[in-house]
Structure formats: structure tokens, C-alpha cells
Asker: 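Have a look at this one before I ask anything.
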Amino acid sequence: RKQLADAITRMSYRDLSKVLIANRGEIACRVIRTCRKLGIETVAVFSDADRHAMHVKQADEAFHIGPPPAAESYLDMHRILDVAARTGTSGIHPGYGFLSENEHFAAACAANDVTFIGPPVPAIQAMGSKSTSKAIMIDANVPVTPGYHGNNQDPEALKAEAERIKYPVLIKATLGGGGKGMRLVERPEDFLDALDACKREALKGFGDDTVLLERFVQRPRHVEFQIFGDHHGNAVHLAERDCSVQRRHQKVLEEAPAPGLPHDVRQSMGEAAVAAAKAVGYVGAGTVEFLVDTTTNEFFFCEMNTRLQVEHPVTEMITGLDLVEWQLQVAAGGKLPIVEQAEIDDRLSGHAIEARVYAENPGTGFLPATGNLRKLREPPADAFGDSTVRVDTGVAEGDNVTMFYDPMISKLIVHSKDRATALRDLNLALRSYQVAGVPTNLSFLERCASHPAFMEGGISTSFLDDHGEALVKEADLSPTPPSAVAVAAAAMVLNRNEASRRGLNLPGGAWGQIGASWRAFDSAQGVAETFAIETDGGGSTVDVEVRHHSDGTFTITVPSEDEATTQHVEATFKTTAEGTTMEVVLDKMHRFDVDVSIEETQTETSVHLFAHNATDTGLGPRHVYNVVAPKATFQGASDVSSAPLIKAVMPGKIVRVLVEVGDVVEADQPLVILEAMKMEHVIKANGPGCVSAVSFAEGEIVADGAILVELEVADEVELAA
């Protein structure tokens, strides 16, 4: 195994011939890819929920470490170290999240003679505490924001400090990261509730509820520098990334380099980042985050992440470097591959942008979604001219997005010669991405990346606060093209006819409930049938008339505000190993293909359309329509209670129940706190009433749509009391 021998020679000092990845999903797959390139054997670990996951299939060996909850599997360092011992693992790569910044895990690796592929324990300790890190930065002459970093955690004392700092203030878990354990407080009366939620989230996520306070810098840019250090005293930075497009402190779009950042500011920030690394004797990959005042270009140290970042690919694209390979070389005791900052600066080329593709529903406040990835087609890497398109993922078609972990589907990265070209091709790549089975943020990402303010560059972290609601509503306000509704109806007709010919009964669904009336329509040529289609985004429902002709074509009438549109549709299904494609001729003029995915539920049937070369018909690249069964045919419709039912908006765990039977509540009053996808979600009353039933206790797991609380309408006297 000459490749392995050469790799070990390059990395000298420590044996890293077998590496365990103490993580899951796309980062585990990312590390495996570089290890395979270097001839290093890999060991994966997995929970019950990940038994058939991509990272398990890609690794040389894989071992089960527990049930789905992360606390009982991916955060269980003893189980992970036991696997390392049994497999003869020489190094552990923690990825990001989970145990990646856990000083106790890094120390335990050293105690078990396993190389922790990350920074030394003292650096994790120093930078893991936001209060300690701020003190170190002050000593190293790195600018920091005003705040309170002391040990007094008494709520009233912290509230007094907040008033001294002046509102708005940020409450941050000292060991936090990724937007978790963080709250923005704008009014004194909201402070204690926000502090309680922040501490609770921090304790669960990081095992420590200590917090610090910072003055909130209004409308800053978030600019971070990728730094690297080695055991030989070398430290460099690999340029900056702009991560200002954020929602709830979670990054949405990231790019490198930061657009419009003045050269002298960039140089000063890079020097400060390296100074920060040297101040703690940093070794390995890290990220120094700064807030940049958009008015003055002053910058302030925010925090240092002692791990590889989710957004590291944009740095790899503009430098041409493999950061995981650098991590392995440094962990093995070798020097940084490049130790001169000027040489790194000379390597910088072009512009790269990353978009995080999530299973979530922008129309419902970006609630995370779960379900099966019935269709998953990534953008073709070779279809964008001079741009390079890269997709980092840990899921494949047919996999499930579960409630237990982050609902990321992939990271889509585009690198090109300049920012304008990268933006253009990012939007093209987003449009060609096909996902069915779960709602996604793909269309939202398109609208963000094509928004004039983002295209201009230099936006602040307030971008989504300023434009997010409009970007979400834009989908609802966009007129639905009749041609798309007609094609969706044709797809449903063909699907039903094909099932009928094959003698299949589609379970449930709108078509299953229509039943006999549809079969009569199918057999009687020229008969028309009317059914309801819910348009893109669920904004409205239209009654579509479909007339099936003897030559196999359809006349489909779609109503609109002005007048109904009647279109002639010729359509045939073509099924291959890649899925189902519908060949369409619209109005005997427009010929195009549409990839189709159809899902059945008990009350409706969803049609996902992915059109190719159909822009002259009004069809966009991605449409989702729901064919809804007539209300009279819904099973159990007469048994539905008229009492207000408060339901779970997603599967999750009940963290707190805030009401009891007999309590009188007002509209928007918090009733239950639900934890899902590592975040807390407050479930509120949909109107005034009296609590008549509480269905679950704290700590219980609930399904999506489960009834949590039942309310009875309270009279005015009770509410006034």
C-alpha cells in the first residue's frame, strides 16, 4: 500500500493509518473522502436512525453506538472510544458539532493514546469559554465588543449588567455555538424569560448554562477568517468568508472572499486572526469570527470556533487546498503545507458561494421537516461552463430525514472567476436541484441569491430581518401559471390510468377517495371531471376541469381571476431507472419534458413537477401541487371536534408544559415548548380559551400533528378575570 506509506511519510511523527469519524452525515462523508484519497482506513459510527446512512456505507468499517438521540449515541464519548479501542483506531476526527469542541473528549482521546484531530485541550478550553476568550483577545490587542464576561450568574445581577451595557444585548452561552444558547433581548421586561430559555438550551446542548452578555452591534457584517496552526509554531490564515445572510443566527449563504471589504480592513482582520491563534498556541483548523460595523468598518472579535466549519468548502474552492488533509497532516505532527502568508495570498482565485439546502418549510416559519427523500437529483456538475459546482451531502434518494438531527440535505457550492458569474450559476444550480418527499428552502435560496441587495454585496446580518418576510411571501404572491396547473392535472390523470391498467389500487390519497367516480370518468371518453388543486405554496385552491379525449389527449380548464384558461395537453409517461419523466406537448406547440414525483396521503395527493426547457410556457423549474379530495369524502370528517386543538408543528420532545387543565389563556400565550432538530419551538394558543386537556407530559416524544392541548372557548367574564 504505497499510497498509505507515502501519506504517513508526509505526515511523519504520529501514525494515522486508521481514523474514526465521530460524527455523521455530510461531514463524515467529507472526511472519508479525503482519507480515501490519502489511503487512510476509516471507521464510522452510527445510531439506530443512521443504520443505512451514506457515511456508514462509505467507511471501511462501521459500528453501532446507540439509539437515535444524540446524547445516547454521537455524544457518548465512552462508546466512541470503545469502538476506537476495538478497531485499533489511531486517530479520531470529530467533524463539527457533537463532540468537536468538547475539551473532555479531546483529553479522553489523549488518555487512551488516540490522536484527537483538532486543537490541543488548553486551546479548546480557552476559546470554548466566550468570557475567557474575550479576556485573552484583549491581552492580545484584538478588538472586542463591550459586554459582561464575569462569573456572577445570578439572574438579577445579569439583568443589572444588561442595563449597564445598554439594550439591545445578546445573551450567549459561554460554551455555545451555531446560534444555540443565544438570545437577542431588546427590552428589559423580556430579559429574564430570554435568560431562562438561553440557559436551558445551553445546558442541553453544551452541558453548561453559564452565559455572558454583549452589546448588540446593530446591522453588522459577519466576517470570519479561516486560520491554521501547527506544532512547530507556525500560524496562517486562509482568507475570509462573509456569512452575513443568517436566520436565527444560523448561516444560510456563505461566500469567499467577503465582497467589498476594503483591502486595509481585510489585512488588519487577517493579522488579528493570526494573533488570536498565536495567543492560545493554536494547532489545527479554526475560525476567528468578527463583527464588522457596516458604517465605519470597525471590527470586533466575536468568537473562535475550534473546529472545521460547515462553510469550509468556499475556502477550499478559492485556495485550491484540501482543509481536511491539512488537519490530518498537522495532527500527525507535520508542519503546515504552506507557512508563508504571502504564498497563501497569491493562491486566492475567483469567488465561491455556498447555499445550505434544508428540509424545512419557509412558508410556516422555516419549521424543520421530516420524511422520505422520494426524489433527489443534484445539479449536474458539468453543466455550468467555467464554474465548478460541488455538492457536499450525507443523504441519498430514498433516505429519511428524521427528527433527531439537523435537517440539512446538502451544501451546494459554486466557484467561478468572479462573484457575478458565481451568483448566476448558483441560481441555475438551485433551479436544477430536484427534491421530492419533504419541503425544502430551495426556492427561498434562489430568491435570496437573486435579491438586489445581496447581489450588490456588503449586506449586514439584518438582511433577512429586512427582506426575509417579503422573500417568503414572494412565492405566495407570484401568479401560478395555468400551464403548470394543467400539467399537474395531466400527471395525475396519467398516474391514475397507469395504476388502473396495472390493476393497482392507490392507497388513500385524493384519488383513492374519489374512487368510483374517477373509474367512470376513465372509461367514458369525453366525460369531464372537476377536482381541486392547491397551488404552489398553498396560497389558494382552484377547481380544475379535465376532459379526457379518445385520442389520449386532454382538454384542461384552469380558472383565473379574469377568465378561465383552456389548454390542450398531450402527455405520456416514460419510466426509467432514474424515475418518471412525462413528455408533454402543450397546445400543440410547446414540447418539453417534466420529471414527475407523486406522493399519496390519506387526504391529498402531491404532485412534484421539475420542468426542462419550458420557460416559454410559464413553467418554472420547480412546482408542487396538492390534489385535494372533496371534503365530503374525507374519512371521519363528521367526527372532528369543534374545540380549538393545539397540535405539534413537527415531531419532537416536550421540554416544558406551561399550562394545566382549567387555566384560562389568551391568544398567542405560550402553552408548550417543543424541542426538535436541536432547537426549541414555542407552541402558542391560537385564540383565547380555557384549557380542557393536556395530552402529553414533559419528556415525552410526540409525532407531527399530535394534539398537545385542547381549548374550550371561555366567556368574556372568565377572560377578563
Side-chain angles (χ1 to χ4, degrees), residues 26 96 178-179 219-226 239-261 287 289-292 294 302 305 309-318 350-360 362 366 378-379 384 387-393 406-416 418-433 435 440-472 474-475 622:
E26 59 89 13
Y96 44 69
R219 310 183 73 82
R221 295 177 70 176
H222 177 120
V223 178
E224 61 187 33
F225 275 73
Q226 176 70 60
E240 82 280 4
R241 300 182 286 254
D242 191 313
C243 307
S244 297
V245 182
Q246 300 181 11
R247 183 181 54 78
R248 300 172 190 162
H249 305 291
Q250 293 277 18
K251 298 162 187 172
V252 177
L253 296 171
E254 303 104 340
E255 57 184 317
L261 192 67
T287 301
E289 298 187 351
F290 296 100
L291 295 179
V292 181
T294 52
C302 181
N305 293 306
Q309 291 279 84
V310 176
E311 59 272 18
H312 77 274
V314 293
T315 297
E316 292 186 320
M317 300 299 262
I318 67 167
H351 199 92
I353 308 176
E354 174 180 291
R356 301 190 188 190
V357 180
Y358 277 96
E360 63 184 9
F366 294 89
E378 297 170 355
F384 300 94
S387 293
T388 300
V389 175
R390 166 177 164 181
V391 178
D392 282 14
T393 186
D406 188 90
M408 180 187 286
I409 295 173
S410 72
K411 301 181 304 195
L412 174 62
I413 308 103
V414 175
H415 176 247
S416 197
D418 54 43
R419 187 172 187 265
T421 308
L423 273 172
R424 180 198 69 192
D425 291 343
L426 173 66
N427 275 296
L428 290 174
L430 286 166
R431 288 173 197 160
S432 65
Y433 216 129
V435 181
T440 72
N441 65 338
L442 282 165
S443 295
F444 176 76
L445 291 171
E446 286 180 53
R447 293 191 290 274
C448 286
S450 58
H451 191 280
F454 182 75
M455 294 181 71
E456 183 179 343
I459 61 166
S460 76
T461 55
S462 300
F463 172 73
L464 288 184
D465 291 334
D466 296 339
H467 307 290
E469 186 175 353
L471 289 168
V472 171
E474 189 176 321
R622 185 184 306 108

Asker: Could you report the tightest heavy-atom contact between A453 and H467, atom names first, then the distance?
Answerer: CB-NE2, 4.2 Å
Asker: Does H451 reach the main-chain N or O of C448 with its side chain, forming a donor-acceptor pair under 3.5 Å?
Answerer: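 No: the side chain of H451 does not pair with the backbone of C448.
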Asker: Tell me if a side-chain donor or acceptor on N441 pairs with a main-chain N or O of F444 at a distance below 3.5 Å.
Answerer: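 Answer holds: no.
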Asker: A side-chain contact here means heavy atoms from C-beta on lying under 4.5 Å apart; do P379 and S432 qualify?
Answerer: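 In short, these two side chains touch, coming nearer than 4.5 Å.
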Asker: List the steps, then state whether side-chain contact (heavy atoms from CB on, under 4.5 Å) holds for R424 with M455.
Answerer: CA-CA 10 Å; R424 180 198 69 192; M455 294 181 71; over 6 Å; no
Asker: May I ask you to test the V310-R356 pair for a side-chain heavy-atom distance under 4.5 Å?
Answerer: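 V310 reaches R356 side chain to side chain.
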Asker: Assess, by modelled atom type and distance only, whether the side chains of T393 and S410 contain a donor and an acceptor separated by less than 3.5 Å.
Answerer: no
Asker: Return yes if a side-chain donor-acceptor contact under 3.5 Å exists between T440 and Y433, otherwise no.
Answerer: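 No.
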Asker: Salt bridge or not for E360 and R247, using N-O below 4.0 Å?
Answerer: yes
Asker: Is there a donor-acceptor pair closer than 3.5 Å between any side-chain N or O of R390 and the backbone N or O of I413?
Answerer: no
Asker: Tell me whether E254 is salt-bridged to K411, with the criterion being a basic N under 4.0 Å from an acidic carboxylate O.
Answerer: no
Asker: Just how far is it from atom CG of L291 to atom OG1 of T461, taken to the nearest 0.5 Å?
Answerer: 7.0 Å
Asker: Can you confirm whether V414 sits close enough to I353 that some side-chain heavy atom of one is under 4.5 Å from a side-chain heavy atom of the other?
Answerer: no
Asker: If I take atom OG from residue S244 and atom CD from residue E255, how far apart are they, to the nearest 0.5 angstrom?
Answerer: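 If we round to the nearest 0.5 Å, S244:OG and E255:CD are 8.0 Å apart.
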Asker: Could you tell me how the ring of F290 sits relative to the ring of F225: parallel (under 30°), tilted (30 to 60°) or perpendicular (over 60°)?
Answerer: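 Judged by the thresholds at 30° and 60°, the geometry between F290 and F225 is perpendicular.
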Asker: How many angstroms lie between atom CG of D242 and atom CG of L253, to the nearest 0.5 angstrom?
Answerer: 10.0 Å
Asker: Let me see the working for F366 and Y358 under ring-ring contact (aromatic ring centres under 6.0 Å, His included), right down to the final yes or no.
Answerer: CA-CA 9 Å; F366 294 89; Y358 277 96; 9.8 Å; no
Asker: With side chains defined as the heavy atoms from C-beta onward, is the minimum distance between V252 and Q250 less than 4.5 Å?
Answerer: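 V252 does not reach Q250 side chain to side chain.
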Asker: How about T287 and R241: does a side-chain donor come under 3.5 Å of a side-chain acceptor?
Answerer: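 A pair is found: one side chain offers a donor N or O, the other an acceptor, under 3.5 Å apart.
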Asker: Can you name the closest pair of heavy atoms from A422 and S416 and give their distance?
Answerer: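 Minimum heavy-atom contact is N-CB, 3.7 Å.
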Asker: Taking side-chain contact (heavy atoms from CB on, under 4.5 Å) as the criterion, tell me which of I318, V389, V314 meets it with H415.
Answerer: I318
Asker: Any side-chain heavy atom of L445 within less than 4.5 Å of one from V357?
Answerer: yes
Asker: Locate the shortest heavy-atom distance separating E446 from N427; write the atom from each residue and the value.
Answerer: O-OD1, 3.1 Å
Asker: Checking E240 side chain against A258 main chain: does a donor-acceptor pair fall under 3.5 Å?
Answerer: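 Here the side-chain-to-backbone pair exists.
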Asker: Just by modelled atom types, is the R219 backbone N or O under 3.5 Å from a matching donor or acceptor in the T294 side chain?
Answerer: yes
Asker: How close do A429 and L412 get, counting heavy atoms only, and between which atoms?
Answerer: CB-CD2, 3.9 Å
Asker: Are any of the side-chain heavy atoms of L464 and V245 separated by less than 4.5 Å?
Answerer: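 Sidechains of V245 and L464: in contact.
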Asker: For residues H222 and Q246, is any side-chain donor paired with an opposing acceptor at under 3.5 Å?
Answerer: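 Short answer, yes.
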Asker: Check for me whether R419 meets the cation-pi criterion with F454, that is, NZ or CZ under 6.0 Å from the six-membered ring centre and within 45 degrees of the ring axis.
Answerer: yes
Asker: Does the distance from a Lys or Arg side-chain N to an Asp or Glu carboxylate O, for E224 and K251, drop under 4.0 Å?
Answerer: yes
